Peer 1: 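Below is the structure I would like to discuss, written out as structure tokens.
First the proteins, then the strands, lettered A, B, ... as listed; each starts at 1. Just so it is clear, the structure is predicted and the values come from calculations on it, not from any experiment.
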Amino acid sequence: MTVVTRFAPSPTGFLHIGGARTALFNWLYARGRGGKMHLRIEDTDRERSTQAAIDAILDGLSWLGIEWDGDTIYQFARSARHREVAESLLASGNAYYCYASPEELTQMREAARAAGRTKLYDGRWRDRDAAEAPPGVKPTIRLKAPLTGETVIEDQVQGRVVWQNENLDDLVLLRSDGTPTYMLAVVVDDHDMGVTHVIRGDDHLTNAARQKQIYDALGWPVPVMAHTPLIHGPDGSKLSKRHGALGVDAYRAMGYLPAALRNYLVRLGWSHGDQEIFSTAEMIATFDLPQIGRSPARFDFAKLESLNGHYIRQSDDAELLAAIERLLPHIAEGATLAAKMTPALRQQLLAAMPSLKERAKTLLDIIDGAHFLLADRPISLDDKATALLTSEARDLLGDVAAELGKVEPWTNEATEHAVRGFAEQRGAKLGAVAQPLRAALTGRTTSPGIFEVLSLLGKAESLARLADQAARRDTQDARSGVG
RNA sequence: GCUCCCUUCGUCUAGCGGUCUAGGACGCGGCCCUCUCAAGGCUGAAACACGGGUUCGAUUCCCGUAGGGAGCGCCA
């Protein structure tokens, strides 16, 4: 039997992180078994479904590298079939018309809760003759669910879960306006699509029991079920926007790599011994349902960052540059940066990439680290760099610039030799010279190795930046009357 | 309230009755490396929620308690 899974989001918002993980699990499970994963958009709620949300979901999945098989299925388009199935249930005596008014329903619900009963609808139209129907009322169709016995789900993650049928009431299959409810639609669609494995969030666990009853009434085989615990926020509560319940597009904008997010997500609630790093092929080969934990996992940005840093470091330089360029349309300063992207700058960025990526946790960090290549003269100094460039340091800058002026050819080795020689001559530590250099050259107190910065910038630009800072002392002194 | 699910270091987790003086990873502390910041190497602190059973023996099995979570719509 070929494995068929599906990812079935409702397009009422973006593809959030929990949905992304569900999609990933379905995808991995199918791919690992030579099966197929389908995408079904559950858009039967016409009020809340939007095209923008559909686009966001599709875009999010493809950014994550999760591709589905066959055409995307839209649930709303299948409502005629859903109605047909509801009517067949009616014909077979497994369903009935219910004429209860909304007011009656509310009353029943309140009474049930007050009495501590879980069964909300009392089945009052279950065996009543349609002749007794109040005039002008459009009925719903309800499932004639079993009154006794139990409904059992053998869940691949949760184990054997049992409900007493006396606690489950007759659910609505078809609304009074003739549209199907979610319960009916999922069952019919999963069956028609040949879905063999339903992998979804455990917020659907109770739904699974009710759906099982529909399958049974229809005489259809029930797919294998796997209900994975939800992802929680860092404090253990429900994941909120503040915590990371963002669309995957937000993670892209924060500079995370799809491979890192996939790796983070797959290890959230699933494990394979002590392994932390998984290539896509390894995930596909090792992922399985029984290894999914039963307790909810908390979302941890720090670990995601660490993983992202790992993937950045092991990424190819040219690919990182390409990823950054692809990212530009999605970030705030992107347009400005994109405008600066000349072939010459690309070359510089590529040359700087090995040391930039070693210092970065996100693509945004890389862009930030490349600041010294992006900035125009005279570059502005941040507070720490400003504090570092005392008048003594600026004096020293002038002197070391003079030494550097003699260096030819302008290589890492040559500048290092010159600067080290200069420091030795002064009886100074290398750091005492390197830090002022760094401040003047990059405007900051942290950067890649100073000799690398020199060579990345080139001789002319380096000397000009040094001159900018060495000269500033004179104007400052003049202004304060010291000179 | 009712139904169902869950509970190992701060976090993600390994463990499927003796191998546990409980392992790995992130984070945190220290040391090394070092021109800064990273990266890297070494190293340290850090957990079986609680109470009963079952058993020769429980982190592992059962039952309670406590604490979390999900669901309870003519929403999906």
Peer 1: Of the nucleotides B:rC12, B:rC37, B:rC6, which has the atom closest to the A:Thr446 side chain?
Peer 2: B:rC37
Peer 1: Report the distance from atom OH of A:Tyr256 to atom P of B:rC26, rounded to the nearest whole Å.
Peer 2: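 It is 16 Å, rounded to the nearest whole Å.
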Peer 1: Using a heavy-atom cut-off of 4.0 Å across all strands, would you classify A:Gly449 as base, sugar-phosphate, or nothing?
Peer 2: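 Answer is base: heavy atoms of A:Gly449 come under 4.0 Å of a base.
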Peer 1: What's the closest nucleotide to the side chain of A:Gln435 if the choices are B:rC5, B:rC6, B:rU36?
Peer 2: B:rU36
Peer 1: Output yes when at least one side-chain N/O atom of A:Arg117 is less than 4.0 Å from OP1 or OP2 of B:rG1, else no.
Peer 2: no
Peer 1: Which part of the nucleic acid, if any, lies within reach of A:Pro448 when heavy atoms closer than 4.0 Å are counted: base, sugar-phosphate only, or nothing?
Peer 2: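 Base contact.
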Peer 1: Tell which nucleotide pairs with B:rU60, taking only Watson-Crick or G-U wobble pairs whose two distances are both under 3.5 angstrom.
Peer 2: none
Peer 1: What is the nucleic acid contact for A:Gly269, judged by heavy atoms within less than 4.0 Å: base, sugar-phosphate only, or nothing?
Peer 2: sugar-phosphate
Peer 1: May I have the distance from A:Leu120 (atom CG) to B:rG1 (atom C1'), rounded to whole angstrom?
Peer 2: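 The answer, rounded to whole Å, is 12 Å.
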Peer 1: Tell me the interatomic distance from A:Ile312, atom CD1, to B:rC37, atom C1', rounded to whole angstroms.
Peer 2: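 A:Ile312 atom CD1 is separated from B:rC37 atom C1' by 16 Å.
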Peer 1: Please report, rounded to the nearest Å, how far the P atom of B:rC74 is from the CZ atom of A:Arg83.
Peer 2: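 To the nearest whole Å, that distance equals 19 Å.
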Peer 1: For B:rG27, give its Watson-Crick or G-U wobble partner with both distances under 3.5 Å, or none.
Peer 2: none
Peer 1: Checking base pairs now: Watson-Crick or wobble, both atom distances under 3.5 Å. What partners B:rG71?
Peer 2: B:rC2
Peer 1: Just name whichever nucleotide pairs with B:rA14, Watson-Crick or G-U, keeping both distances under 3.5 Å, else none.
Peer 2: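 Base partner found: none.
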Peer 1: Looking just at side-chain N and O atoms, do A:Arg262 and A:Thr280 make a donor-acceptor pair shorter than 3.5 Å?
Peer 2: yes
Peer 1: Any idea which of B:rG24, B:rC6, B:rG73 is nearest the A:Arg113 side chain?
Peer 2: B:rG73
Peer 1: Just grab all the ring-ring contact (aromatic ring centres under 6.0 Å, His included) pairs involving residues 413-450 of chain A, residues at least two apart or on different chains.
Peer 2: none
Peer 1: Please write out the pairs of protein N or O atoms and N or O atoms of nucleotides 8-11 of chain B separated by less than 3.5 Å, giving the distance to one decimal.
Peer 2:
none

Peer 1: With both distances under 3.5 angstrom, what nucleotide forms a Watson-Crick or G-U wobble pair with B:rA66?
Peer 2: B:rU7
Peer 1: Sub-3.5 Å donor-acceptor pair from the side chain of A:Asp155 to the main-chain atoms of A:Arg160, do we have one?
Peer 2: no
Peer 1: Assign the ring pair A:Phe301 / A:Phe299 to parallel, tilted or perpendicular, where the plane angle (0 to 90°) is split at 30° and 60°.
Peer 2: perpendicular
Peer 1: Of the candidate nucleotides B:rA70, B:rC5, B:rU3, which contains the atom at the shortest distance from the side chain of A:Leu205?
Peer 2: B:rC5
Peer 1: Nearest to the side chain of A:Ile450 - B:rC6, B:rC35, B:rG40?
Peer 2: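 Closest nucleotide among those given: B:rC35.
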Peer 1: Let's see if you get this right: which residues in residues 356-367 of chain A place a heavy atom under 4.0 Å from RNA chain B?
Peer 2: A:Glu358, A:Arg359, A:Lys361
Peer 1: Kindly give the heavy-atom pair with the smallest separation between A:Ala209 and A:Thr151, and that separation in Å.
Peer 2: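 Shortest heavy-atom separation between A:Ala209 and A:Thr151 comes out as O-CG2, 3.5 Å.
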Peer 1: Do other residues, nucleotides or ligands put more than 12 heavy atoms under 6.0 Å from the CD atom of A:Gln425?
Peer 2: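 Result for CD/A:Gln425: open.
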Peer 1: Whether A:Ser271 contacts B:rA14 is assessed here as follows: a side-chain N or O lying under 4.0 Å from the phosphate OP1 or OP2. Is that the case?
Peer 2: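 Answer is yes, contact under 4.0 Å.
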Peer 1: Check every atom of B:rA76, B:rG69, B:rG73 against the side chain of A:Asp45 and return the nucleotide holding the closest atom.
Peer 2: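 The answer is B:rA76, which lies nearest to the side chain.
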Peer 1: Which residue in the set A:Thr44, A:Asp189, A:Asp192 passes side chain to side chain donor-acceptor pair (under 3.5 Å) when paired with A:His82?
Peer 2: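 Single pass found, and it is A:Asp189.
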Peer 1: Can you find a donor-acceptor N/O pair under 3.5 angstrom joining the side chain of A:Asp274 to the base of B:rG23?
Peer 2: yes
Peer 1: Under a 4.0 Å threshold between the charged nitrogen and the carboxylate oxygen, would A:Asp468 count as salt-bridged to A:Arg465?
Peer 2: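 No salt bridge links A:Arg465 with A:Asp468.
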Peer 1: Distance criterion of 3.5 Å, no angle test: do you see the side chain of A:Ser447 paired donor-to-acceptor with the base of B:rC37?
Peer 2: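 Result: no qualifying N/O pair found.
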Peer 1: Partner of B:rA45 by Watson-Crick or G-U wobble geometry, both contacts under 3.5 Å, or none?
Peer 2: none
Peer 1: Would you please name every residue forming a salt bridge (charged side-chain N to carboxylate O under 4.0 Å, His left out) with A:Glu276, sequence neighbours left out?
Peer 2: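 Here the qualifying residues are A:Arg267, A:Lys303.
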Peer 1: Heavy atoms only, 4.0 Å cut-off, all strands: where does A:Gln158 land among base, sugar-phosphate and nothing?
Peer 2: sugar-phosphate
Peer 1: Between A:Asp169 (side chain only) and A:Leu120 (backbone N and O only), is there a donor and an acceptor less than 3.5 Å apart?
Peer 2: yes
Peer 1: Any side-chain N or O of A:Arg160 below 4.0 angstrom from OP1/OP2 of B:rC4?
Peer 2: no
Peer 1: Output the rounded distance in Å from CG (A:Asn308) to C1' (B:rA25).
Peer 2: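 Whole-Å distance recorded here is 16 Å.
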Peer 1: Indicate, with a heavy-atom threshold strictly under 4.0 Å, whether A:Ser306 touches base, sugar-phosphate, or nothing.
Peer 2: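 Since only primed, P, OP1 and OP2 atoms lie under 4.0 Å of A:Ser306, the category is sugar-phosphate.
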Peer 1: Per the salt bridge (charged side-chain N to carboxylate O under 4.0 Å, His left out) rule, what does the pair list look like for residues 102-111 of chain A, sequence neighbours excluded?
Peer 2: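 Applying salt bridge (charged side-chain N to carboxylate O under 4.0 Å, His left out) to every pair that reaches into residues 102-111 of chain A, excluding sequence neighbours, yields A:Glu104-A:Arg124.
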Peer 1: Taking CZ from A:Arg313 and P from B:rC37, how many angstroms apart are they, rounded to a whole number?
Peer 2: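 To the nearest whole Å, that distance equals 17 Å.
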Peer 1: So, OP1 or OP2 of B:rC74: does either fall under 4.0 Å of a side-chain N or O from A:Arg142?
Peer 2: yes
Peer 1: Give one of base, sugar-phosphate or nothing for A:Arg444, where a contact means two heavy atoms less than 4.0 Å apart.
Peer 2: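 No contact at all - A:Arg444 keeps every heavy atom at 4.0 Å or more from the nucleic acid.
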Peer 1: Taking NE2 from A:His371 and P from B:rC37, how many angstroms apart are they, rounded to a whole number?
Peer 2: 20 Å
Peer 1: Listing request: all ring-ring contact (aromatic ring centres under 6.0 Å, His included) pairs with a residue in residues 135-182 of chain A, at least two apart in sequence or in separate chains.
Peer 2: A:Tyr182-A:His204
Peer 1: For a quick test of reading the model: is some side-chain N or O of A:Thr44 closer than 4.0 Å to OP1 or OP2 of B:rA76?
Peer 2: yes
Peer 1: What is the nucleic acid contact for A:Asn207, judged by heavy atoms within less than 4.0 Å: base, sugar-phosphate only, or nothing?
Peer 2: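 Since a base atom lies under 4.0 Å of A:Asn207, the category is base.
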Peer 1: Between atom CZ in A:Phe422 and atom P in B:rC35, what is the gap in whole Å?
Peer 2: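 Value for this atom pair: 17 Å.
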Peer 1: Which nucleotide, B:rG27, B:rA76, B:rA70, lies nearest any side-chain atom of A:His204?
Peer 2: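 Nearest listed nucleotide: B:rA76.
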Peer 1: Between A:Gln164 and A:Glu166, is there a donor-acceptor pair closer than 3.5 Å when you use the side chain of the first and the backbone of the second?
Peer 2: no
Peer 1: From C-beta outward on A:Trp163, which listed nucleotide comes closest to its side chain: B:rU3, B:rA76, B:rG27?
Peer 2: B:rU3
Peer 1: Hunt down the Watson-Crick or G-U wobble partner of B:rC35, both distances under 3.5 Å, from any strand shown, or write none.
Peer 2: none
